[in-house]
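Per chain, numbering begins at 1; letters A, B, ... match sequence-line order.
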Amino acid sequence: MHFGYMVFYYAFTFAPLIILVIFSFNDSARVGLPFKAFTLKWYAEVLSDPTILSAIANSLLVGAVVTLLSTPGGTAAAFVLVRHQSFVGRKAFNTLVLIPMVIPPVIVGISLLTFFHAIGLELSLVTVILAHTLIALPFSLLVMVARLIGFDRSLEEAAMDLGADELTTFLKVTLPLIFPGLLAAAILAFTISFGEVAVAFFTIGYQPTLPVYIFGQVRLPTRLPVLTAVSALALSFSALLVVASEITRRIREKK
Amino acid sequence: MVIDVELRGVTKRFADIVAVDNVSIQILKGEFFSLLGPSGCGKTTTLRTIAGFEDPSEGEVFISGQSMAGVPPFKRPTNMVFQHLALFPHLSVEENVAFGLKVKRLAKQEIRQRASKFLEIVRLSGLEKRKISQLSGGQQQRVAIARALVTEPTVLLLDEPLGPLDLRLRLEMQEELKRIQREVGTTFVYVTHDQTEALSLSNRVAVMISGRIEQVGTPLEVYEKPRNHSVAEFMGETNMLGGRYLDGAVEIDGLSVRVTSQASKGTDIIFSIRSEKISIGKTLSGPDNVFKGTVRGVTYRGSDSVYDVQLSERIIIKVRSTNLALESIYRVGDEVFVGWDIDKALLISSLR
Amino acid sequence: MRDKFLQFFRRKVQLRIFSGLSFSLSWFLLFLIVPTAVIFLYSFWRQEYISIIPQFTIDNYAQFLANPIHIPLFLRSLVISAAVTMGSIGLAYPAAYFLAFRVRKYKIPLLLALMGPFWTSYLLIVYAWKIILGYDGILNSLLLNLRLVEQPADLLLYSPFAVIITLIHIWSPWLVFPLYASLEKMDKSLLEAAMDLGATPTQAFLRVTLPLTWPGLVVAVLFVFIPTVGEFVTPALVGGPQGYMYGNLIENYFHLGFNWPLGSSLAFIMLAVVMVMTLLLLRAVGPDKVMESL
């Protein structure tokens with residue numbers, strides 16, 4: 001019984017994505033059957049479309065900055081949460097961490113839009129970065145909390161005992177040991193930002209990120225084959241990131 | 001005599017728990033000093049106070065005569081061998097050993113020389129490039145010891161480092177520890193709950209129970225002359241007997257037990273008699289006290305056996321006897337004689 | 001200099017805590033709490049043409065009750081979210097259960113594979129469903145080619161059904177992880193003990209397994225139901241008029257309708273409802289427990 005269910009479940013989970021990839025190679029102006037012939041022309045069209053390319057570039061830029069902000073920020077807070085079991089406001093802080101993860105994105109989107117408007121900050125990639133950092137931060141934080149819980153603190157004590165001050169200990173012992181965790185947190189933050197559409201939709205200016213661009217173009221039937229190709233590209237990119245993060249996890253476990 | 005480590009009235013509280021209670025000890029230069037006590041007695045906390053990982057709530061720690069108040073661990077002339085070793089998993093054997101030298105920014109040449117010298121002392125030459133995870137438990141112990149000794153600390157602190165090893169390896173490492181200490185001459189402060197280990201390794205032992213130092217002395221002193229009830233009970237296997245002292249003997253549950261005592265007539269006293277100091281036999285003559293009894297329990301332990309012998313309705317004593325021959329192993333229900341000389345019993349306290 | 005600095009930090013535990021939290025804290029305050037306060041304020045103001053008049057009024061809240069669209073749409077969103085939550089738990093729980101207890105071979109690769117959809121942009125999944133379920137889409141073209149239907153079937157796309165199936169697809173792999181974790185953590189001998197004491201496998205599941213994985217289920221509800229109530233991207237792509245949700249309404253007031261105060265009040269009503277639900281759930285399990293089971 002369990003075998004049949006697992007087959008069904010994995011088929012349900014992966015079939016839509018596989019179908020998407022297959023039809024990105026279909027030589028037809030309609031995304032549908034029959035599968036006429038294999039072609040790479042939609043991919044060629046993606047690569048020659050400056051608006052798509054700039055949307056991809058925007059997404060990469062936003063993702064990179066969000067990663068650089070949320071990984072150290074989340075890690076610093078994770079250190080406090082793991083190493084100081086009781087401090088005033090701990091519960092309140094934990095709740096603050098959970099809110100952005102569960103609150104409907106539309107609320108984050110409109111409240112940030114209103115807020116940026118109220119303080120006179122023009123919408124641009126900067127406002128998307130601010131918004132995405134808010135969304136990615138709890139994830140980076142929780143990944144690092146999970147990693148730091150398993151960290152043997154006597155390693156740091158051993159370093160200090162041998163004459164290393166706090167800074168040296170951090171650089172020579174703590175950092176190398178938590179590095180795979182940092183990498184995993186960074187990849188997760190990047191992925192979240194790279195795929196996010198709902199909040200970006202409200203906080204974006206004139207330069208769209210890739211998901212916002214796709215969201216805007218989906219209504220035009222003639223654009224569907226190109227969008228399918230670019231979606232397939234984005235899918236492969238995510239798959240690559242999963243593999244990358246898994247490799248870093250393996251490296252960590254080997255040690 | 002030079003005092004390397006001195007604790008003066010050190011107390012450590014965690015919230016409302018007193019982990020270390022007014023501890024004062026002096027540890028001499030070159031000494032192998034053990035802190036012995038049951039788990040949770042505060043011995044590890046005491047060690048961590050010396051290392052600088054805990055600040056005493058009261059009192060002060062002195063090393064080589066200098067107060068350590070406010071001195072962080074990395075500025076103290078102490079190094080520690082951690083309970084779970086805390087070897088750096090991302091560094092090789094050599095890099096682990098060289099760590100303390102590197103952070104002191106010594107010249108590369110010197111780092112290499114000293115690291116290899118200490119790897120030789122702990123007999124790990126040839127394994128320099130290995131990863132920590134590629135070493136056996138005993139080899140890891142050796143790396144931890146070399147890493148802690150290489151910076152030539154005034155005091156080496158060892159926090160039950162042999163705990164996770166199996167018995168054979170433990171004995172081997174005990175010998176190694178003794179040898180290494182003789183070779184380098186560093187003061188060792190050793191924390192353990194294992195009394196055999198403490199007694200066989202140390203020059204002096206401090207017995208610590210519930211945060212307090214109950215007795216400090218040579219292994220012989222703390223074993224043979226326990227200062228109080230708790231030490232006597234903690235060390236070895238002992239029988240505690242108590243009753244009213246009358247004219248050279250104590251009345252206990254109908255038995256008259258002869259003792260040497262300066263107690264005044266009519267006071268209640270408690271004395272202890274260790275299980276191995278009691279003789280047992282089908283017939284017995286010689287000891288000052290001889291009683292007839294029945295074997296109620298036998299624990300056969302290979303080289304010796306421990307018998308629970310009932311002497312009267314309420315008195316059952318433990319007797320340990322070497323298994324010299326098959327005939328001298330008794331069974332439950334056997335009628336036996338047990339006995340001891342009066343100087344083998346130790347007066348623990350007089351109850352007033 | 002460095003010594004002085006470190007020494008200063010060593011003494012001040014409060015300062016260390018504060019500086020560690022400062023980035024996250026300021027981000028949460030500035031970009032979560034303050035903006036929420038701003039829309040709260042806006043929800044009591046009113047709009048004339050393109051300017052917002054800062055005059056206190058409860059008109060917007062009155063409009064929520066008066067407009068015949070608002071409340072039914074809100075209720076529909078709650079129903080869709082409930083269906084999505086139950087559907088995703090229903091699909092994910094057996095998968096997590098089998099992965100934890102039955103599957104022996106390739107357990108880790110199977111789990112990792114589920115990271116795929118989880119890491120994929122959620123928009124791409126919606127998009128995939130759109131091209132599958134669409135009027136011109138893959139499913140319809142398949143049915144036409146097989147001559148199962150004469151005309152492209154219309155009910156597949158642009159229906160609440162399409163919204164629900166798409167959202168279930170998005171959330172269920174996400175749920176396998178916390179559910180698997182809580183099942184895996186469970187001491188298997190408890191089940192043996194239950195059966196040893198005479199429980200049938202079903203009874204053992206209902207009386208032992210299910211109660212022990214309860215925190216994982218609460219997380220599921222928290223992380224699926226609540227964001228889904230405000231969903232607007234999926235209905236916009238695959239929902240059609242019948243599949244429109246409350247989130248689309250709010251989005252509309254901010255973009256096409258251009259009535260920010262009204263949009264804010266609608267958003268705030270939803271926020272109040274989900275906050276009350278979150279707090280009730282968190283009180284039931286405790287935020288620390290929830291964090292643990294993530």
Verify side-chain contact (heavy atoms from CB on, under 4.5 Å) between A:Y5 and C:L91, making sure each step is shown before the conclusion.
CA-CA 9 Å; A:Y5 185 80; C:L91 274 182; 3.4 Å; yes

What part of [X] is in contact with chain A, defined as an atom under 4.5 angstrom from a non-hydrogen atom: side chain, backbone, both or neither?
X      : value
C:V176 : side chain
C:L114 : both
C:S172 : both
C:Y42  : side chain
C:W27  : both

With chain C, which of [options] has the greatest number of heavy-atom pairs at distances under 4.5 Å?
options                       : value
A:F87, A:Y10, A:F237          : A:Y10
A:F14, A:F79, A:F194          : A:F14
A:V145, A:V102, A:I103        : A:V102
A:L224, A:V108, A:L17         : A:L224
A:L241, A:I192, A:L69         : A:L69
A:I107, A:L20, A:V197, A:I110 : A:I110

Can you tell me how far apart [atom1] ([X]) and [atom2] ([Y]) are? Round to the nearest 0.5 Å.
X      : Y      : atom1 : atom2 : answer
C:L124 : A:L210 : CG    : CG    : 7.5 Å
A:L113 : C:F254 : CG    : CZ    : 6.5 Å
C:L30  : A:F115 : CG    : CZ    : 4.5 Å
A:S111 : C:F31  : OG    : CZ    : 11.5 Å
C:W129 : A:I19  : CH2   : CD1   : 8.0 Å
A:M101 : C:I226 : CE    : CD1   : 12.5 Å

Tell me if the aromatic rings of C:F232 and A:F201 count as close, with their centers under 6.0 Å from one another.
yes

I'd like to verify something: which residue of [options] has the highest number of heavy-atom pairs under 4.5 Å with chain A?
options                       : result
C:I168, C:I170, C:L99         : C:L99
C:V274, C:T36, C:V229, C:L112 : C:L112
C:A128, C:A95, C:S19, C:A113  : C:A95
C:T228, C:V34, C:I250, C:I131 : C:I131
C:V126, C:L110, C:V224        : C:L110

Does any backbone or side-chain atom of A:I149 lie under 4.5 Å from a heavy atom of chain C? Answer side chain, backbone, both or neither.
neither

Any idea which heavy atoms bring C:P35 and A:L112 closest together, and the distance?
CG-CD2, 3.9 Å

Does A:V80 form a side-chain contact (heavy atoms from CB on, under 4.5 Å) with C:R16? I'd like the steps, not just the answer.
CA-CA 8 Å; A:V80 174; C:R16 249 157 41 212; over 6 Å; no

Set out, in order, the CA-CA distance, both residues' side-chain angles and the distance that settles side-chain contact (heavy atoms from CB on, under 4.5 Å) for A:T95 and C:F28, then state yes or no.
CA-CA 11 Å; A:T95 313; C:F28 292 143; over 6 Å; no

Decide if atom NE2 of A:H117 counts as having more than 12 heavy atoms of other residues, nucleotides or ligands within a radius under 6.0 Å.
no

Should the ring pair A:F202 and C:H255 be called parallel, tilted or perpendicular, given that the plane angle runs from 0 to 90° and is split at 30 and 60?
parallel

Short side-chain to backbone donor-acceptor contact, C:Y122 and A:G195, under 3.5 Å
no

